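This report refers to the structure that appears directly beneath it.
All values reported here derive from a predicted model rather than from experimental measurement. Along the sequence shown, the residues carry numbers beginning at 1. FYI, side chains are in, hydrogens and waters are out, and symmetry mates aren't considered; it's all heavy atoms of this structure.
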Amino acid sequence: MSERFFILIADRNRNVREFMKRELIAEGYRVRVARDDREVLEAVESSDPPALVILDPEIPYGGALEVVETLGMRKPGLPIVIHSLSREDTLHPSLKRVAAFVEKSGNMEHLKETLASVLHHRYRAKSTA
């Protein structure tokens with residue numbers, strides 16, 4: 001299902017970023033990592049933007065809420081998956097445009113299934129080609 005989709009992983013924890021990167025590359029995705037909101041926005045505005053962003057709500061500097069709002073204005077169709085330790089992070093009204101919420105439980109299979117589902121729904125033509 002990966003169809004060589006480009007996924008951006010934005011997480012405050014280097015070990016989480018690298019673990020997720022290895023797992024998703026093994027699934028056939030192209031992956032880039034971001035340490036903070038500045039790197040997220042830089043990647044999204046690049047000549048090779050991601051098809052999906054996995055976002056830690058506690059990402060440094062502006063934080064996830066600011067990133068979600070900015071991406072909503074600049075890239076309204078870009079799917080965002082919030083990857084969080086707590087479901088409380090899902091309650092803010094600005095997060096209504098987020099494609100999915102996945103709890104950081106260590107269950108990579110659940111995250112992979114969620115990503116595949118979100119990508120399929122957003123890029124149906126590419127995933128069935």
Option among Val102, Ile80, Leu24, Asp11 that satisfies the side-chain contact (heavy atoms from CB on, under 4.5 Å) test with Ile54: Leu24
Passing candidate, side-chain contact (heavy atoms from CB on, under 4.5 Å) with Ile9, options Val40, Val31, Leu52: Val31
Test item: [X] and [Y] side chains (from C-beta on) under 4.5 Å apart, heavy atoms:
X     : Y     : answer
Arg74 : Val44 : no
Glu69 : Arg97 : no
Leu85 : Glu58 : no

Minimum heavy-atom distance Ala51-Tyr123, with the two atoms named: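 In terms of heavy atoms, the two residues are closest at O-OH, 2.7 Å.
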Which residues share a salt bridge (charged side-chain N to carboxylate O under 4.0 Å, His left out) with Glu113, sequence neighbours left out: none
Residues Leu115, Glu27; criterion side chain to side chain contact (heavy atoms under 4.5 Å, CB included); working and verdict: CA-CA 11 Å; Leu115 297 178; Glu27 290 291 312; over 6 Å; no
Main-chain N/O of Ala43 paired with Ser46 side-chain donor or acceptor, under 3.5 Å: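 Checked: pair present.
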Main-chain N/O of Arg38 paired to Tyr61 side chain as donor or acceptor, under 3.5 Å: no
Within 6.0 angstrom of Arg122 CZ, more than 12 heavy atoms from elsewhere: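 Enclosed: over 12 neighbouring heavy atoms sit under 6.0 Å from CZ of Arg122.
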Test log, rule side chain to side chain contact (heavy atoms under 4.5 Å, CB included), inputs Arg14 and Arg35: CA-CA 8 Å; Arg14 181 180 58 85; Arg35 296 175 296 197; over 6 Å; no
Gap separating the [atom1] atom of [X] from the [atom2] atom of [Y], nearest 0.5 angstrom:
X     : Y      : atom1 : atom2 : value
His83 : Ser105 : NE2   : OG    : 7.0 Å
Ile82 : Ile59  : CD1   : CD1   : 9.5 Å
Tyr29 : Leu8   : OH    : CG    : 14.5 Å
Asn13 : Glu18  : CG    : CD    : 10.0 Å
Arg32 : Glu39  : CZ    : CD    : 7.5 Å

Asp48 and Arg30: CA distance, side-chain angles, deciding distance, salt bridge (charged side-chain N to carboxylate O under 4.0 Å, His left out) verdict: CA-CA 11 Å; Asp48 185 21; Arg30 293 184 310 123; 2.9 Å; yes
Criterion salt bridge (charged side-chain N to carboxylate O under 4.0 Å, His left out) on Lys104 and Asp56, from CA distance to verdict: CA-CA 9 Å; Lys104 285 184 181 179; Asp56 172 4; 3.5 Å; yes
Cluster check Ile25, Val16: I/L/V/M/F/W/Y, side chain < 4.5 angstrom: yes
